[in-house]
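This report concerns only the one structure given below.
Just so we're clear, the structure is a prediction, and the values are computed from it rather than from any experiment.
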Amino acid sequence: MSSDQFQIERLDVAAYLDRIGCTDLKDAAPDENLLRAVHRAHSLSIPFENLDILLGRGIRLDIDSLQDKLVRRGRGGYCHEHNLLLAAALERLGFTVTRLSARILSGNAARRQPRTHIALRVAAGDAVYLADVGLGAEGLVDPVPWREGEYADPDGWLHGIRRHPDAWELTVRRPNEQARPMYRITEEPSLPIDFEVASHWTSTHPRSPFVTQPVVQRRGADVRLILSRDTLVEKFPDRDIVTRIGRNQLGSIITRRVGLPLTPDELAQLAG
């Protein structure tokens, strides 16, 4: 598929690398080391959040909008925003990237979910990786090889890939847990319109969890934060700390702990 469908030439690569703290990597060879460095830096630098939906602005997926929001204005986004931005950056850095649609497996297992997630298949040298910086706090920090197995990141989380008859499945677990399925994905390339439709459902459908409550998450090397409705979960490799929060605490968590640069008026609207 031609990458010009995704307007990758419009990406300011230098500004993106500066946003994730990787300005020294612009001229690096497109190998496994560069892929891991960019993927990890993006994961730890740009939060996961749905706040523009609650602020009545909607979500735009063109490259100009993505880099204005996530790069220049220091905001975060959800899966389509994160992974379309990463895909453009990786292609501009010399990688071959295939954008794929995935079916989330969390929630009610009896109810089939639509393919509303995006992940990336990335060729780096002779190897192929699953790259995904848009799954939130328990998602990948490092890309994982696109083959069956379980892979530990340096922070204690383990992600696995296993084959199904017509798809691949990504799982997650911590050392003291059983593996939990996250999504299933096929290798059929998706088009920009596929992501527009999926993003529209995610940002507007009454069954989508993103239209009724703030969902703000941040990955760190030592702890992963998950803010949802009136609960803050701090996830460590060996335990969770769950705290009920009031509306008056929402702004402080969003701006200070997660690092999103919202204005007082925006915070007041979210807390109202």
Side-chain angles (χ1 to χ4, degrees), residues 3 6-8 10-13 15-22 35-53 57-93 95 97-102 104 115-122 129-144 153 159 170 172 182-183 185 190 192 194-196 198-203 208-210 214-220 224-227 258-261:
S3 59
F6 294 95
Q7 304 175 308
I8 69 166
R10 300 184 67 84
L11 179 67
D12 185 339
V13 179
Y16 170 79
L17 293 175
D18 183 64
R19 170 76 166 98
I20 65 172
C22 290
L35 174 61
R36 289 188 178 278
V38 171
H39 194 287
R40 170 164 278 262
H42 183 129
S43 297
L44 300 180
S45 300
I46 306 180
F48 183 100
E49 51 116 331
N50 70 329
L51 299 181
D52 272 0
I53 298 171
R57 297 171 185 159
I59 304 297
R60 298 186 62 180
L61 300 183
D62 60 283
I63 284 293
D64 289 338
S65 296
L66 294 178
Q67 65 182 342
D68 178 63
K69 181 181 177 183
L70 278 70
V71 176
R72 298 192 180 106
R73 294 194 284 121
R75 288 284 304 280
Y78 64 24
C79 66
H80 299 95
E81 297 171 283
H82 276 278
N83 282 327
L84 288 174
L85 179 65
L86 176 66
L90 291 177
E91 287 184 324
R92 290 287 302 277
L93 290 169
F95 293 95
V97 180
T98 306
R99 297 157 180 82
L100 306 172
S101 297
I104 295 292
R115 287 193 177 98
T116 55
H117 186 64
I118 171 178
L120 310 175
R121 181 179 169 93
V122 182
Y129 291 84
L130 173 63
D132 184 353
V133 292
L135 197 55
E138 289 198 285
L140 302 177
V141 170
D142 296 314
V144 296
D153 70 32
H159 289 90
L170 177 70
V172 63
M182 303 189 82
Y183 59 71
I185 188 169
S190 292
D194 297 321
F195 302 127
E196 290 285 351
S199 180
H200 178 73
W201 189 97
T202 302
S203 61
S208 169
F210 295 105
V215 179
V216 180
Q217 305 181 9
R218 177 137 205 169
R219 284 168 289 206
R224 302 186 180 188
L225 303 177
I226 301 176
L227 173 66
V258 179
L260 292 173

Polar side-chain atom of [X] near backbone of [Y] as donor-acceptor pair, under 3.5 Å:
| X | Y | result |
| --- | --- | --- |
| Asn83 | Val133 | yes |
| Gln217 | Phe48 | no |
| Tyr78 | Ser199 | yes |
| His42 | Tyr16 | no |
| Asn50 | Val215 | yes |
| Arg218 | Leu44 | yes |
| Arg99 | Leu84 | no |
| Arg219 | Leu140 | yes |
| Gln67 | Asp12 | yes |
| His39 | Val141 | yes |

Check [X] against [Y] and note the closest heavy-atom contact, atom names and distance.
| X | Y | answer |
| --- | --- | --- |
| Ser45 | Arg19 | O-NH1, 3.3 Å |
| Glu81 | Lys69 | OE2-NZ, 2.8 Å |
| Asp132 | Gly134 | OD1-N, 2.9 Å |
| Cys22 | Ala37 | SG-O, 4.2 Å |
| Cys79 | Ile118 | O-CG2, 3.4 Å |
| Tyr183 | Leu130 | OH-CD2, 3.7 Å |

Yes or no on side chain to side chain contact (heavy atoms under 4.5 Å, CB included) for His117 and Met182, after CA distance, side-chain angles and deciding distance?
-> CA-CA 10 Å; His117 186 64; Met182 303 189 82; over 6 Å; no
Quick one: are [X] and [Y] in side-chain contact, heavy atoms under 4.5 Å?
| X | Y | result |
| --- | --- | --- |
| Leu11 | Glu91 | no |
| Leu85 | Val71 | yes |
| Arg115 | Asp194 | no |
| Phe210 | Ser203 | no |

Other residues, nucleotides, ligands: >12 heavy atoms within 6.0 Å of Arg72 CZ =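 For Arg72, atom CZ is crowded (more than 12 foreign heavy atoms under 6.0 Å).
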Tell me, yes or no, whether the heavy-atom count around Arg60 atom CZ, taken from other residues, nucleotides or ligands under 6.0 Å, exceeds 12.
->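 No, the 6.0 Å shell around CZ holds no more than 12 heavy atoms from other groups.
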If you measure from the Lys or Arg side-chain nitrogens to the Asp or Glu carboxylate oxygens, is any gap between Arg75 and Glu49 under 4.0 Å?
->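 Between Glu49 and Arg75 there is a salt bridge, with a charged N closer than 4.0 Å to a carboxylate O.
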Take Phe6 and Ile63, measure what side chain to side chain contact (heavy atoms under 4.5 Å, CB included) needs, and give me the verdict at the end.
-> CA-CA 7 Å; Phe6 294 95; Ile63 284 293; 5.6 Å; no
Report the C-alpha distance between Val144 and Asp142 in whole Å, list the side-chain angles of each, state the deciding distance to 0.1 Å, and finish with yes or no for side chain to side chain contact (heavy atoms under 4.5 Å, CB included).
-> CA-CA 6 Å; Val144 296; Asp142 296 314; 5.8 Å; no
Leu227/Val258 under side chain to side chain contact (heavy atoms under 4.5 Å, CB included): CA gap, chis, key distance, verdict = CA-CA 9 Å; Leu227 173 66; Val258 179; 5.7 Å; no
